[in-house]
Amino acid sequence: MTRFSGKSVIVTGSSNGIGRATAVLFARYGAQVTITGRDAERLEVTKQKMLKAGSLPENINVVVADLTDSEGQDRIVQSTLDKFGKIDVLVNNAGASIFDGTMNTDQSIDLYERIFRLNFQAVVEMVKKTKEHLIKTRGEIVNVSSTVAGPQALPMAPYYASSKAALNQYTRCVAIDLIQYGVRVNSVSPGLVSSGFMGAIGMSKEIQEKFESFMESKKECIPGGVIGKPEDIAKLIVFLSDRKRSSYIIGQSIVADGGSTLVSGMHAHDLKDILGL
Ligand code: NDP
């Protein structure tokens with residue numbers, strides 16, 4: 001028996017990055033896992049990593065689906081029930097900062113709708129579609145938010161930041177509603193993590209590396225000096241999915257960001273140097 005033996009877990013957005021690392025960690029702990037995303041080849045990579053981590057082939061359910069599509073959501077839920085008979089954990093991880101070349105208040109309403117559809121509405125829909133099954137198992141929901149939810153502003157991508165702020169408040173509201181039925185809801189708020197996120201908005205590998213090494217080198221960006229790995233966030237998601245280890249945490253968003261959000265711009269500079277003290 002391992003930590004999640006006999007538990008049925010759905011991890012959305014598990015064809016890459018944080019979701020993939022989370023699916024692999026659940027596999028290592030013996031869970032039955034539904035992995036899902038739009039890209040079948042990337043899902044196959046995740047599956048192979050899960051097998052390497054010790055998963056039995058029958059404990060992996062692969063669903064190619066667009067999460068912004070109601071029919072895709074239904075297939076994720078129904079195939080999990082058909083294969084594993086129940087749902088114990090829902091990880092709402094899929095998300096993106098969709099980029100169409102515009103920034104700030106120039107971003108269109110069409111972009112606003114696409115961003116909210118994926119990062120917020122799809123989570124709401126997945127919660128509604130799994131709720132009765134999670135109540136039966138007294139299960140867990142973990143949402144993947146972001147430190148861009150605030151209180152600091154992200155003026156260049158206001159809709160992405162606002163979609164995550166909405167997700168944080170939704171997490172709190174649903175946590176109180178569902179705990180009366182024994183279902184626990186929390187979220188994680190990653191800071192900068194090296195994943196497919198930048199590639200998904202069209203950044204080349206080279207520019208991504210340049211961006212990441214700049215961020216790592218500036219103590220006011222990432223005080224810890226190291227950019228996050230998907231595995232850093234996966235460990236937190238698995239912790240919040242484990243009732244034995246985190247039962248008293250309800251409706252929270254736990255930050256994992258190498259200290260980034262602790263830095264205020266006012267205190268980010270070396271005042272000794274500037275003021276000649
Ligand atoms: P990745 O781009 O590596 O992974 C995103 C995942 O979401 C992929 O598996 C992708 O699958 C899936 N996805 C995107 N759009 C859809 C869709 N329409 N339907 C189904 N699946 C979709 O990024 P991360 O791992 O970094 O992102 C995971 C979560 O972490 C997101 O919610 C993101 O907002 C959040 N986050 C990331 C941070 C970072 O710095 N990386 C920081 C803070 C939060 P596919 O392309 O196959 O559809």
Side-chain angles (χ1 to χ4, degrees), residues 10-25 33-47 49-50 62-77 90-99 113-123 125-126 142-150 152 154 157 159-168 170-171 187-203 205 208 211-212 215-216 221-222 226-234 236-237 253-258 260-261:
I10 297 173
V11 183
T12 69
S14 33
S15 54
N16 213 347
I18 294 168
R20 173 182 284 160
T22 304
V24 171
L25 199 53
V33 189
T34 290
I35 56 173
T36 179
R38 293 163 302 175
D39 190 313
E41 278 177 32
R42 289 208 192 115
L43 280 173
E44 181 59 28
V45 175
T46 303
K47 183 180 174 181
K49 285 178 183 284
M50 292 168 76
V62 183
V63 186
V64 179
D66 187 333
L67 207 62
T68 63
D69 173 19
S70 183
E71 181 272 335
Q73 297 163 1
D74 290 341
R75 273 193 294 115
I76 294 167
V77 175
L90 170 66
V91 179
N92 288 307
N93 163 75
S97 180
I98 303 166
F99 184 61
E113 282 172 355
R114 287 170 59 206
I115 289 174
F116 265 76
R117 184 84 186 82
L118 174 63
N119 296 312
F120 186 62
Q121 192 177 323
V123 175
E125 288 167 328
M126 285 300 285
V142 181
N143 297 325
V144 178
S145 183
S146 171
T147 53
V148 304
Q152 300 83 3
L154 184 71
Y159 304 147
Y160 176 63
S162 302
S163 70
K164 294 297 189 178
L167 183 59
N168 283 356
Y170 180 71
T171 297
S187 83
V188 300
S189 285
L192 204 53
V193 174
S194 186
S195 67
F197 189 86
M198 299 294 181
I201 59 173
M203 209 181 258
K205 197 87 201 139
Q208 181 176 344
F211 171 72
E212 290 178 353
M215 290 294 167
E216 284 182 329
C221 296
I222 307 178
V226 187
I227 196 159
K229 295 187 295 301
E231 291 73 17
D232 295 323
I233 310 305
L236 190 51
I237 293 171
S253 186
I254 313 288
V255 171
D257 70 347
S260 298
T261 48

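Numbering of ligands and ligand atoms starts at 1, following listing order.
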With the side chain counted from C-beta on, respond yes when Pro190 and Ile18 share a heavy-atom pair under 4.5 Å apart, and no when they do not.
yes

Tell me, which residues have any heavy atom less than 4.0 Å from some atom of ligand 1?
Gly13, Ser14, Ser15, Asn16, Gly17, Ile18, Gly37, Arg38, Asp39, Arg42, Ala65, Asp66, Leu67, Thr68, Asn93, Ala94, Gly95, Leu118, Val144, Ser145, Ser146, Tyr160, Lys164, Pro190, Gly191, Leu192, Val193, Ser195, Gly196, Phe197

Smallest heavy-atom separation, Ser145 atom then Ser187 atom, equals CB-OG, 4.1 Å

If we ignore angles and hydrogens, is there a donor and acceptor under 3.5 Å between the side chains of Asn143 and Thr171?
yes

Heavy-atom side-chain contact between Lys229 and Val193 under 4.5 Å:
no

Student check: side-chain heavy atoms of Ile76 and Leu67 closer than 4.5 Å:
yes

If you take the centroid of each ring, where Trp contributes its six-membered ring, are Tyr160 and Phe197 closer together than 6.0 Å?
yes

